Amino acid sequence: MEKKIIIAIDGHSSCGKSTMAKQLAKEIGYVYVDTGAMYRAVTLFAMQNGLYPDEGVREDALQNAVDEGKIQISFKFNAEMGRPDTYLNGVNVETEIRQMAVSNRVSPVAALPFVRTLLTEQQQAMGKEKGIVMDGRDIGTAVFPQAEMKVFVTATASVRAQRRYDELMEKATSQAEKDALSYDEILKNVEERDYIDSHREIAPLRQAEDALVLDNSELTREEQSAWLLAKYKEIVSRC
Ligand code: DC
């Protein structure tokens, strides 16, 4: 049997990391973990519990909630969708965590040291048995610096904003929801998140020295999936 490895996929927001990571996990029978969903779930918890007023996140109160074990995040495979759904304290929050209200607030939460410690420990526990594809910002640098395969994915901000716009348009269930979408607002969100994610003090988004770089601005989904699978085969044959 082939040796199981850890595959770390990091990169900028909205560059299709999770789509390609999910697809690869399916093809090779690995577990897929979306770590961004975990940061989003913590953000949603703060929003739902009055810990994230307009002035900004209430750090002390959020830290208390973390210390008291009030934030439990888990994943359950959704066979119909062919991907794991994210649960916050036993409730499926997959839809809520993808909304703009969460996207606009998640980066400051992801910069909090106690949030990173909590989620990094959980992610390391999930990878103990290997056979995992994990996507995020710091997987190859902080969570699994020893990962056998590391990929750093990127694309220009405008390409990523357009992709997110198309995705939200497709998901919108009413004309009013569609009308509320603004490409400029999405581009601003993408650029702001890039800045915060790359400049935070702890585990900032950066390319691991031993990562394979994939700029997918000009690639189709099929092309990048084929590229990823070929790299996996090459690496696993050497392990
Ligand atoms: O991948 P995403 O857009 O769902 O990520 C949401 C936010 O969480 C984003 O601002 C970056 C942050 N994040 C992080 O800091 N570390 C990770 N491993 C994953 C995501």
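Indexing begins at 1, ligand by ligand and atom by atom, following the structure's order. Treat the numbers as computed from the prediction; the structure is a model and nothing was measured.
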**Student:** Compile the protein residues with any heavy atom at a distance under 4.0 Å from an atom of ligand 1; present them by chain, then by number.
**Tutor:**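 Thr35, Gly36, Tyr39, Arg40, Val106, Ser107, Ala110, Arg116, Gly136, Arg137, Asp138, Ile139, Arg193, Asp197, Arg200.
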**Student:** Spell out, yes or no, whether Met100 and Ile97 are grouped together once hydrophobic residues are joined by side-chain heavy atoms under 4.5 Å, including indirect joins.
**Tutor:**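 No, Met100 and Ile97 fall in different hydrophobic clusters.
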**Student:** Hey, does the Lys NZ or Arg CZ of Lys76 hover above the aromatic six-ring of Tyr87, less than 6.0 Å from the centre and inside 45° of the axis?
**Tutor:** yes
**Student:** What pairs with Ser217 under side-chain hydrogen bond (donor to acceptor under 3.5 Å, both in side chains), at least two apart in sequence or on another chain?
**Tutor:**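 Ser217 satisfies side-chain hydrogen bond (donor to acceptor under 3.5 Å, both in side chains) with Asp215 once adjacent residues are dropped.
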**Student:** Cut-off 3.5 Å, no hydrogens considered: what does the side-chain donor-acceptor table look like for residues 232-239, sequence neighbours left out?
**Tutor:**
| residue | atom | partner | partner atom | Å |
| --- | --- | --- | --- | --- |
| Tyr232 | OH | Glu2 | OE1 | 3.4 |
| Ser237 | OG | Lys233 | O | 3.4 |
| Ser237 | OG | Glu234 | O | 2.7 |

**Student:** Could you check whether Asn216 and Arg163, counting side-chain N and O atoms only, form a donor-acceptor pair closer than 3.5 Å?
**Tutor:**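 Present: a donor and an acceptor within the cut-off.
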**Student:** Would you please name every residue forming a ring pair (Phe, Tyr, Trp, His ring centres under 6.0 Å) with Tyr195, sequence neighbours left out?
**Tutor:**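 Scan of Tyr195 (ring pair (Phe, Tyr, Trp, His ring centres under 6.0 Å), adjacent residues dropped) gives His199.
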